[in-house]
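In this chain, residues are counted from 1 in sequence order.
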Amino acid sequence: MNSAYFWTIVVYLIFLVGIGAIRSRGVERQEDFSVAGRQLGTFVLFGTMLATWIGTGSIFGNAGKVYEVGIAAWILPLGALVGIGALSFLAARARRFEAITVQDILETRYNKWARILGVIALVMTAVTIVSYQYRAAAAVINLTMPSLDFRLAVIIVAAFIIVYTALAGMFSVAYTDVAMGVTMIVGLLITLPYLWSTAGGYQGIAASLPPDHLKLIGPIGWVQALGYILPPGLLVLGDANMYQRFFSAQTEGKARAATLWLLVGVAYMEWMIILTAWVASALEWRGGELAQPGRVIAYVARDHLPVWLGALVMTTIMAIIMSTAISYLLVPATALIRDIYQRFINPQASEKRLVWLLRATVVALGAVAYVISTYSDKFLEVALRAYTIYGTGVTPSLVAAFIWPRATAAGAVASIVTGIATTLIWEFGGLGAQTGIDPVIPAIILSVLALVLISLFGSSQKDGRSSN
């Protein structure tokens with residue numbers, strides 16, 4: 001049974017590589033590799049944004065939280081949904097910039113230091129996210145083929161993700177993301193009713209789980225809830241992956257329409273995953289002592305589903321993980337070449353040279369992500385820290401670039417530095433453990449204050465000089 005799951009996944013991945021190899025023939029310019037030649041329509045955009053956003057944090061991190069607290073984990077996607085709703089108002093404006101990276105917008109609106117700091121925050125965040133996607137994908141491989149050493153599985157997964165991303169960049173990622181998105185939607189739609197019946201419906205679930213796991217409100221305190229809700233909400237508002245897809249759209253209208261579809265798609269996927277994990281928890285409760293609670297959906301696929309459906313679920317999980325890893329590897333590579341090499345080192349670089357440098361950078365960052373992957377398998381915690389670094393560092397200044405004309409370069413730079421520094425100090429200085437307050441709360445407050453106060457101070461000084 002396990003080998004059937006394994007070979008289904010292998011065939012699926014070979015199919016993806018084939019698409020990537022075919023699409024790679026059309027990559028001749030930086031715009032082809034990074035923003036798909038700005039050729040994407042509404043539903044391809046929707047598919048690639050959905051596949052990018054739904055990742056390990058959802059399928060393992062949120063599932064693990066469901067196993068811990070029960071159905072009250074339904075609140076976890078709220079931040080992302082609010083963020084996507086707000087993002088729909090920015091999508092058309094972002095496409096209007098004709099940019100390739102978020103940092104293009106930061107420098108156009110502020111200065112070169114905002115661009116450089118944006119790159120630093122993006123690379124730190126994206127490479128960290130890629131690292132735990134490696135571990136998550138390897139965990140799935142390990143479940144389907146236990147005889148394969150986990151460390152070797154991580155290497156195999158990392159090699160696949162790196163090669164696939166380097167082949168054709170956004171040109172192939174966008175179209176295979178559509179296939180992955182369909183796999184996700186159909187996989188969960190078929191699986192949940194089957195598991196619900198297997199668990200004995202609500203009565204069977206209630207008999208298996210502790211009473212607290214049936215409560216919609218209560219098990220997660222409001223301070224803890226903010227720590228879960230704010231990071232993804234802030235990340236999606238400034239997520240370079242989303243903006244890179246806006247830049248790939250054929251028109252401004254298609255960018256906005258795709259974002260509205262994304263709101264529906266993320267709501268469906270996130271809550272279907274949480275509900276599936278809740279039912280799976282009843283089937284795999286084991287006294288609440290499951291060794292790897294984040295893998296509860298994968299365990300159920302292995303232990304309680306017929307082979308054909310179990311293979312579909314395992315492939316769905318792999319699609320969720322792989323699509324996110326590929327996208328988050330592409331974006332920092334684009335940023336380093338576009339925002340550092342082309343902007344400051346070699347502005348006259350040929351298109352052919354830029355494409356090959358993009359591929360080489362994908363390989364280098366993928367290797368760095370592999371090294372990071374050896375340190376932690378706490379998917380949700382690592383995800384939230386990565387989200388916080390970017391969400392509190394870059395998002396306030398990026399959003400202000402669209403909606404607040406009085407935001408200044410000094411305020412933006414101060415905001416980015418403050419958000420990143422506060423997150424790191426709060427986390428590694430032990431303040432989070434001492435106070436019980438997640439780093440995202442002080443980091444976003446201080447980041448926004450720095451942006452607003454320094455911008456207003458600079459504006460008032462300029463007004464004063466003008467009046468004199």
Roughly how far, to the nearest 0.5 Å, is the [atom2] atom of [Y] from the [atom1] atom of [X]?
X	Y	atom1	atom2	value
Asn241	Leu329	CG	CG	10.5 Å
His304	Leu309	NE2	CG	13.0 Å
Leu148	Leu143	CG	CG	11.5 Å
Leu237	Thr395	CG	OG1	6.0 Å
Asp239	Tyr390	CG	OH	6.5 Å
Asn142	Phe150	CG	CZ	6.5 Å

> Does the pair Thr56 and Gln133 meet the rule for a side chain to side chain donor-acceptor pair (under 3.5 Å), with working shown?
Replying inline: CA-CA 6 Å; Thr56 300; Gln133 308 298 325; 2.4 Å; yes
Do [X] and [Y] come within less than 4.5 Å of each other through their side chains, counting heavy atoms only?
X	Y	answer
Thr324	Ile54	no
Ile75	Tyr228	no
Thr334	Gln244	yes
Thr423	Pro442	no
Leu336	Val123	yes
Val140	Met314	yes
Thr392	Leu234	yes
Ile71	Leu216	yes

Does [X] reach the main-chain N or O of [Y] with its side chain, forming a donor-acceptor pair under 3.5 Å?
X	Y	result
Tyr134	Gly366	yes
Thr259	Ala255	yes
Tyr5	Ala301	yes
Thr125	Leu122	no
Ser373	Val154	no
Thr422	Ala443	no

>> Going by salt bridge (Lys or Arg N to Asp or Glu O under 4.0 Å), name the residues that satisfy it together with Arg95, two or more places apart in sequence or in a different chain.
In response: Glu98
Mind listing the closest non-hydrogen atom pair of [X] and [Y] along with its distance?
X	Y	answer
Ser397	Ile416	OG-CG1, 4.0 Å
Leu45	Ala258	CB-CB, 3.5 Å
Ile162	Ala367	CD1-N, 4.0 Å
Gly233	Val236	O-CG1, 3.3 Å
Ile372	Ser131	CG2-OG, 3.5 Å
Ala333	Val362	CB-CG2, 3.6 Å

> ring-ring contact (aromatic ring centres under 6.0 Å, His included) with Tyr67: which residues, sequence neighbours excluded?
Replying inline: Trp285
>> Can you list everything that forms a ring-ring contact (aromatic ring centres under 6.0 Å, His included) with Phe246? Sequence neighbours excluded, please.
In response: Tyr243
> Can you name the residues that form a side chain to side chain donor-acceptor pair (under 3.5 Å) with Thr48, not counting sequence neighbours?
Replying inline: Asp177, Arg245
Salt bridge (Lys or Arg N to Asp or Glu O under 4.0 Å) pairs, two or more places apart, involving [range]:
range	value
residues 195-222	Asp212-Lys215
residues 178-190	none
residues 278-291	Glu284-Arg286, Arg286-Asp303

>> As a quick check of understanding, evaluate side-chain contact (heavy atoms from CB on, under 4.5 Å) for Arg38 and Ile100, giving each step before the final call.
In response: CA-CA 10 Å; Arg38 306 192 196 277; Ile100 289 179; 3.7 Å; yes
> Under the side-chain contact (heavy atoms from CB on, under 4.5 Å) criterion, do Leu226 and Val440 qualify, and how do the steps go?
Replying inline: CA-CA 8 Å; Leu226 284 176; Val440 69; 5.8 Å; no
> What's the verdict on side-chain contact (heavy atoms from CB on, under 4.5 Å) for Arg338 and Gln103, showing C-alpha distance, side-chain angles and the deciding distance?
Replying inline: CA-CA 9 Å; Arg338 169 75 174 180; Gln103 290 70 236; over 6 Å; no
>> Go through it in stages, so that I can follow the logic: the residues are Phe60 and Ile320, the test is side-chain contact (heavy atoms from CB on, under 4.5 Å), and I'd like the CA-CA distance, side-chain angles, deciding distance and then a yes or no.
In response: CA-CA 10 Å; Phe60 281 177; Ile320 288 171; over 6 Å; no
>> According to side chain to side chain contact (heavy atoms under 4.5 Å, CB included), who are the partners of Ala137, at least two apart in sequence or on a separate chain?
In response: Val157, Met318, Ile321, Met322
Under 3.5 Å, side-chain donor or acceptor atoms of residues 261-281 against the rest of the protein: list the pairs with distances, not counting sequence neighbours.
unit_1 : atom_1 : unit_2 : atom_2 : d
Tyr268 : OH     : Ile185 : O      : 3.0
Glu270 : OE1    : Ser58  : OG     : 3.0
Glu270 : OE1    : Asn62  : ND2    : 3.4
Glu270 : OE2    : Ser58  : OG     : 3.1
Trp271 : NE1    : Trp74  : O      : 2.9
Thr276 : OG1    : Met272 : O      : 2.7
Trp278 : NE1    : His213 : O      : 2.9
Ser281 : OG     : Ala277 : O      : 2.7

Ignoring hydrogens and angles, write down the donor-acceptor pairs under 3.5 Å from the side chains of residues 85-93, residues two or more places apart or on other chains.
unit_1 : atom_1 : unit_2 : atom_2 : d
Ser88  : OG     : Gly85  : O      : 2.6
Arg93  : NH1    : Phe402 : O      : 3.0

>> Would you say Ser447 and Ser415 are linked by a side-chain donor-acceptor pair, where the criterion is simply a distance under 3.5 Å?
In response: yes
Which pairs of donor and acceptor atoms, one on a side chain in residues 425-434, lie under 3.5 Å apart (sequence neighbours left out)?
unit_1 : atom_1 : unit_2 : atom_2 : d
Trp426 : NE1    : Ile437 : O      : 2.8
Glu427 : OE1    : Arg385 : NE     : 2.6

> Given Thr52 and Ser327, is the side chain to side chain donor-acceptor pair (under 3.5 Å) satisfied, shown in steps?
Replying inline: CA-CA 6 Å; Thr52 296; Ser327 295; 2.9 Å; yes
>> If you count every heavy atom of other residues, nucleotides or ligands that lies below 6.0 Å from Arg151 atom CZ, does the total exceed 12?
In response: no
> Which pairs, with at least one residue in residues 185-211 and sequence neighbours excluded, count as a side chain to side chain donor-acceptor pair (under 3.5 Å)?
Replying inline: none
